[in-house]
Number of protein chains: 2
Amino acid sequence: MMNIDASAMRLLNRASVLRYIRDHKLTTRIAISEATGLTRATVSSLVETLLEEGFVDEVGYGASSGGRKPVMLRFNADAAYSIGVDVQISHMTTVVCNIRGDIAYKNVRRLLNAQTGQKIDQLSLLEWIQTEVKAALAHVPPSPHGITGIGLAVPGLVNFTTGFIYHLPNLSISNWGIREVLQEQFALPVYVDNDANCGAFAEYEKRNVPKSSIIYVNAGIGVGVGLILNGQLFRGRDGLAGEFGHMTIEENGVPCSCGNRGCFEQYASEQSLMRYLEELQIHVSPSAEISSILEQVIYESYLGSEKYQFAFERLGTYLGIGMANIANALNPDEIVLGGRVSMAYKFLSERMISTFKQRAISQNREIPIVMGYVNGVAIGAAGIAMNESLFASPVASVG
Amino acid sequence: MMNIDASAMRLLNRASVLRYIRDHKLTTRIAISEATGLTRATVSSLVETLLEEGFVDEVGYGASSGGRKPVMLRFNADAAYSIGVDVQISHMTTVVCNIRGDIAYKNVRRLLNAQTGQKIDQLSLLEWIQTEVKAALAHVPPSPHGITGIGLAVPGLVNFTTGFIYHLPNLSISNWGIREVLQEQFALPVYVDNDANCGAFAEYEKRNVPKSSIIYVNAGIGVGVGLILNGQLFRGRDGLAGEFGHMTIEENGVPCSCGNRGCFEQYASEQSLMRYLEELQIHVSPSAEISSILEQVIYESYLGSEKYQFAFERLGTYLGIGMANIANALNPDEIVLGGRVSMAYKFLSERMISTFKQRAISQNREIPIVMGYVNGVAIGAAGIAMNESLFASPVASVG
DNA sequence: ACACTTATGTAAATGTGTTAAACTATGTAG
DNA sequence: CTACATAGTTTAACACATTTACATAAGTGT
């Protein structure tokens, strides 16, 4: 509950103007004034500030409608960059993004030893993150504001405010204060968040519908969900919101590692795909590690193998059930399927959507279900860092 | 995306100060200044305004800690009143509340004909609402601001912004623009909202933890859920959020009127209690209408009848499953059980809470589950009207 | 008594958006 | 080509709110 003074007021109005320019390819001071309700004088003043800051460019004149030609204004998406790192079990993706989330540099590195199936340990992971960030920093294009921050997406439980990692189940890492280490080394603000949250943020930014609610279903080894509600990431009491993966969808169903039975995650994850394959008595090479079996099954499905496709249809059915539950619960504007499982979108989407329409209450049946952007999680991590550094409101609870 | 000018700024800071005073029994200008970050001069100025408006009183001097005695300030909860109407199938409750939600007047009227089981029709309902509101208006105590608005809680689908009722399934009412009628007749702002939302709002206001997240599970004939997320009612795309009642908890479970199978509502509502009684071969008088069977079973349970208690235990089990799902989904600060079913709290809470602890992921197991306040829905309806009329932010998205 | 501390009020300075008018650039009509 | 109308931009006076600095009030401790 912070107070507002004159400078906070100007920052808020400046943000209003900047948002408007960002959301319109080309615009004029007059248009901004009409849209925001600010007077033309104020808009001129704020635009001047933004021009000086480099966030906005004047790009020639527009067509006249019977008078002086307007000066066209354009958002300079390249005024600043941020780095996003998406750490997964099998690999990590590092990107450099501009303000709009366009990728200027990208690198993917494998973390899992494909032969031995050996996972990376905590120290080696830190070293790889440091190496990758260094490489990314070397590829940041010159810009007025340079690099504003580093966002780190991890598959597990994090306290976003403190940047402390509680637990990454699939990496066997717990209680890790990685933020301080990176922050000190790179002298940049570092933000650590759950991967599903990052994915959700990226989708929200791309769609760019103010105050909308977007659900990002990150289906991989497990299922995590990122929630954008009324245009804001909802993290819950302990930053734990979105654990829809442990929602019971079958009272006496398959036992789950969380102690419960019939969790969504046991029916709609990469792990559950393995179970379906077993149940269908489909043999998969036991030497290959989990993450590549999915890709193998996708490959087989592309070749037209019906029995593999059948496994994906089961997965799609359960994704549909879970998404219907989520839609009924939150009545969002859109649901996005992300994570490794979304690679099989082609083979599971039909069943997923038909089940969704069958299970959701009638008013929710038309909520669009789409596939997530490639590299969404890494882009979102960069976006969160950008957002916190550049657009974070001076006033708590002011969007 | 509205702009902020000087007067909006003052309103926001005024709201900050008022909230602080409201949330502390007795306080001083200095304490407000330190808590809000506003300078002492500004606080003095804002407090003066609030004194003039009657929202705050000076009540003598506090103890000195080595200097001038501070003037003690107290929130005047009786500076304004609002009316709340809770329309249920069987009865309606009308209350007059002060700003804090204390009841100054209350009246309950039966709507359902106990003999015939005949439900009330739309026109009669309107007439009753008008009669009840008139009676309430006559009982409003004198105050600086008088009556600020009327809140109407209904069991069904509403567009809060327009006040248009889409559908009240258990009253067989659809597409009803009741807001305009009442607004014109009483020349007061009228707000129409879903009953679960009103219940959630009342619980949030009573607990009064800023930015907290509270889930109100309204279990009656059906199950509706009201969501307070980060201190704000979350309504979703179409005002439909909170339909956890139609969350699948059993893939091939009991068919539901929504077209789905295994909906939560089919296992944790008053209706499902009837089914449990049947399954347990417990005979209940077929002439009595639904709403009184619940009360009858509660009565029998109080007498110590184990078989009736067993039915409640089943209900409790499923409430626990559903609440675990909700807790995992949203990681709230608290879960509240409201609605008619909560009358049986004594008989179902133990099983409900143990099931919850068993099903929720470990970090969510300690989330408190409590029983809702009596008359919570009506108080919440009044509270929403009060809030919209007095505290609604001049700037979109500012809490 | 005196110095110090705490609480509150007052007046000038500063910063912001608004309003209204002046200014600039451009197009259209005669 | 000139006069006029239109659209966009800038400037100056003004209103409002917060801050800063100082003054005042009223207690405590030595």
Side-chain angles (χ1 to χ4, degrees), chain A residues 1-18 20-21 24 26-52 56 58-74 394-395 398, chain B residues 1-18 20-21 24 26-53 56-74 394-395 398:
Chain A
M1 218 101 74
M2 275 302 289
N3 60 84
I4 298 185
D5 61 9
S7 67
M9 177 167 83
R10 188 164 175 88
L11 269 177
L12 288 167
N13 287 335
R14 172 184 164 281
S16 256
V17 171
L18 186 52
Y20 185 86
I21 299 175
H24 296 79
L26 280 174
T27 188
T28 66
R29 290 172 172 79
I30 292 291
I32 298 168
S33 168
E34 281 165 4
T36 60
L38 292 161
T39 61
R40 286 170 295 181
T42 304
V43 170
S44 275
S45 159
L46 289 167
V47 166
E48 200 188 337
T49 307
L50 292 168
L51 286 168
E52 281 164 12
V56 173
E58 291 186 334
V59 283
Y61 298 91
S64 161
S65 54
R68 177 172 169 177
K69 287 182 188 165
V71 175
M72 302 312 285
L73 301 170
R74 190 182 56 186
V395 186
V398 175
Chain B
M1 219 102 74
M2 274 302 290
N3 60 82
I4 298 185
D5 62 8
S7 66
M9 179 166 84
R10 187 164 176 88
L11 269 178
L12 288 168
N13 288 335
R14 172 183 163 283
S16 256
V17 171
L18 186 52
Y20 186 86
I21 300 175
H24 296 79
L26 280 174
T27 188
T28 67
R29 290 172 173 79
I30 293 292
I32 298 167
S33 168
E34 282 166 2
T36 60
L38 292 160
T39 62
R40 287 166 294 182
T42 304
V43 170
S44 273
S45 160
L46 289 168
V47 166
E48 201 187 335
T49 306
L50 291 170
L51 285 169
E52 282 163 12
E53 290 174 338
V56 173
D57 292 328
E58 291 188 333
V59 284
Y61 296 92
S64 163
S65 55
R68 176 173 168 177
K69 285 182 188 166
V71 175
M72 302 311 287
L73 301 170
R74 189 184 57 186
V395 185
V398 175

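Every heavy atom of this structure was used, including side-chain atoms; hydrogens, water molecules and symmetry mates were not.
Residues B/Leu46 and B/Arg10 are in side-chain contact: their nearest non-hydrogen atoms beyond the backbone lie under 4.5 Å apart. Looking at B/Met72 and B/Thr28, their side chains come closer than 4.5 Å, going by heavy atoms from C-beta outward. By the 4.5 Å heavy-atom criterion applied to side chains, A/Ile32 and A/Leu38 are not counted as neighbours.
Side-chain N/O atoms of B/Asn13 include none lying less than 4.0 angstrom from OP1 or OP2 on D/dA17. Under 4.0 angstrom from either OP1 or OP2 of C/dG15 there lies no side-chain N or O belonging to A/Ser7.
Atom CZ of A/Arg10 is separated from atom P of D/dA17 by 19 Å (rounded to the nearest Å). Atom CD of A/Glu48 and atom C1' of D/dT10 are 10 Å apart (whole Å). One interatomic measurement links the two molecules: CE of B/Met72 to C1' of C/dT6, which rounds to 14 Å at whole-angstrom precision. Here the P atom of nucleotide C/dG15 and the CG atom of B/Asp5 are 19 Å apart, to the nearest Å. Atom pair B/Leu11:CG and C/dT16:C1' shows a separation of 16 Å (rounding to whole Å applied). Rounded to whole Å, the distance from CG on B/Leu12 to C1' on C/dT16 is 15 Å. Between the P atom of C/dT14 and the CE atom of A/Met9 lies a distance of 17 Å, rounded to the nearest Å. At whole-Å resolution of the value, CD1 in B/Ile30 and P in C/dG9 are 10 Å apart.
Taking OH of B/Tyr20 as the reference point, atom OG1 of B/Thr36 lies at 8.5 Å (rounded to 0.5 Å).
Ionic pairing of A/Arg29 and A/Glu58 is present here: one or more N-O contacts between side-chain nitrogen and carboxylate oxygen are shorter than 4.0 angstrom.
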Listed pairs, N/O of protein and of nucleotides 20-26 of chain D, under 3.5 Å:
unit_1	atom_1	unit_2	atom_2	d
D/dA26	N3	B/Arg68	N	3.3

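Closest-nucleotide positions on DNA chain D for A/Ala6 and A/Ser44 were compared, and the one nearer the 5' end corresponds to A/Ser44.
When each of A/Val59, A/Leu50, A/Leu26, A/Val47 is checked for a side chain to side chain contact (heavy atoms under 4.5 Å, CB included) with A/Leu73, only A/Val47 meets the rule.
Residue A/Arg29 has its side chain nearest to D/dT9 when only C/dG9, C/dG17, D/dT9 are considered.
In this structure, the side chain of A/Ser45 does not engage the main chain of A/Ala41 through any donor-acceptor pair within 3.5 Å.
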